[in-house]
Amino acid sequence: LLANPALRFGMLILAIAAVGFSFDPVLLLLNAVSVQTLGILLAVVAGYCGYRFLAFGADDVVTQSTQLVHQHQWSPALIPGIIAFGTSLSELGFVIVSTVNNQNEILVHSIIGSDGFQLGGIFFVCVAVAKISHWDAKLLRADMWLLSLMTFFVLSALRVGFTRQMGGLIAATALLSAWQFLKDAPEGVFQTDKAETTQVAGSPFKLVTGFGFLLLGTVWFFDAIVYSGGVFGVPAFVLGIAGAVITSSGEVFTTFPLVKSGEKGLFFAAIALAGSNAFDTSFLGLSAVFRPFALERATHNALPALVT
């Protein structure tokens, strides 16, 4: 059913309306329900649909980006780049929705928590790369100082506030860390094999609508979490961490097919995770550039950043 072109286009329009224009039918429906039991049931349905959209969109983004790059004989470096940006759209949607609604704690903890999941994924994939290939730990060493500097800026912002200056520093170091990862790519990893150029033609429409499924899935997941959290009185920082788990599912789903594809796929998975991590954190920094804010100085605010 989700492969139907008309439904794909409709989902893309809904995603654009929700993220770009704050028009979200699911949220409107949840706010209009007066009976909490019915509202929780609707939230469960919305959350499940969001999960399915994330899984479907992630598969489309990986498949179509790979096929398009091989079809047009572009640099394979674009594959993890497209995947990284595509999977970061879910975090971008989360950032936009949270920023528009002034939900600063949810915004910060969702991005920091998502960073934690992605960094764990990077370490796991890099260890797997080192175990089965000649690539060494340089992959991690070169990137580590930038990630540490980025964490320092985030912790400073949690203490003094997310000012425009702090936001710019966070965004800059995040993007530099992804560039460093690409710069240290092993020799030959971005060369196209002849066997890879004979694959099925990719579809730009499916790639774009795959992004749409990722965005809409995140928005509906966000709706379900915030509504349920409001009903049960869940603290905002807990909702933010839960949001991090949800928005990181795109990275999880897109990493699986890459890892299974072999040695080069393992490295592409590491690059995609590093790039997604950089995009996500830069979104947090840029949100502070456009709308500075501050969080309460509390242990529950600083702890997730320290853990990450």
Side-chain angles (χ1 to χ4, degrees), residues 1-20 23-27 29-30 41-71 78-97 110 114 117-118 121 199-226 242-261 265 268-269 272-273 275-276 279-280:
L1 181 62
L2 294 180
N4 183 281
L7 183 61
R8 280 178 172 273
F9 185 74
M11 293 296 115
L12 180 62
I13 296 300
L14 281 176
I16 294 172
V19 175
F23 176 75
D24 181 7
V26 169
L27 184 60
L29 182 61
L30 287 172
L41 289 174
L42 290 174
V44 169
V45 172
Y48 176 75
C49 289
Y51 167 80
R52 297 301 302 171
F53 288 171
L54 279 166
F56 188 81
D59 183 66
D60 260 3
V61 167
V62 172
T63 302
Q64 300 305 321
S65 61
T66 302
Q67 290 177 352
L68 284 169
V69 167
H70 292 157
Q71 175 187 345
L78 285 173
I79 295 175
I82 294 172
I83 292 170
F85 181 74
T87 54
S88 291
L89 285 176
S90 56
E91 277 83 359
L92 177 59
F94 214 98
V95 166
I96 293 174
V97 173
S110 65
S114 185
F117 283 108
Q118 288 161 19
Q199 295 188 6
V200 179
S203 167
F205 174 73
K206 288 183 178 179
L207 178 63
V208 172
T209 52
F211 291 160
F213 276 114
L214 285 174
L215 271 176
L216 193 61
T218 303
V219 170
W220 285 9
F221 244 135
F222 181 85
D223 294 341
I225 283 181
V226 171
V245 177
I246 291 167
T247 55
S248 294
S249 59
E251 284 80 1
V252 172
F253 280 108
T254 53
T255 297
F256 285 151
L258 288 172
V259 168
K260 289 190 294 184
S261 66
F268 281 2
L273 285 167
S276 184
F279 281 127
D280 297 349

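What's counted below: heavy atoms across the whole structure, side chains too, no hydrogens, waters or symmetry copies.
The distance from atom CD1 of Ile83 to atom CD of Gln64, rounded to the nearest 0.5 Å, is 11.5 Å. With rounding to the nearest 0.5 Å, the separation of CZ in Phe23 from CD1 in Ile13 is 12.0 Å. The CG atom of Asp223 lies 11.5 Å from the CG atom of Leu42; values are rounded to the nearest 0.5 Å. Taking CZ from Phe221 and OH from Tyr48, the interatomic distance works out to 10.5 Å, rounded to the nearest 0.5 Å. Atoms CG and OG1, from Leu68 and Thr63 in turn, are 10.5 Å apart once rounded to the nearest 0.5 Å. Expressed to the nearest 0.5 Å, how far CG of Leu214 lies from OG1 of Thr209 amounts to 10.0 Å.
Minimum interatomic distance between Leu30 and Ala43 (heavy atoms only, all atoms of both residues): CD2-N, 3.9 Å. For Asp60 against Gly210, the heavy-atom pair with the smallest separation is CB-CA, 4.0 Å. The two residues Ala15 and Leu215 have their closest heavy-atom pair at CB-CB, 4.1 Å.
Counting only heavy atoms from C-beta outward, the side chains of Ser65 and Leu78 never approach each other to under 4.5 Å. For the pair Leu207/Ile82, a side-chain contact is recorded, criterion being any heavy-atom separation below 4.5 Å from C-beta on.
Under a cut-off of 6.0 angstrom, the local environment of CZ in Phe9 is sparse, with at most 12 non-hydrogen atoms contributed by other residues, nucleotides or ligands.
Aromatic ring pairs are classed by plane angle as parallel below 30°, tilted from 30° to 60° and perpendicular above 60°; the pair Trp220 and Phe53 is tilted.
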Phe213/Arg8 under side-chain contact (heavy atoms from CB on, under 4.5 Å): CA gap, chis, key distance, verdict
CA-CA 8 Å; Phe213 276 114; Arg8 280 178 172 273; 4.0 Å; yes

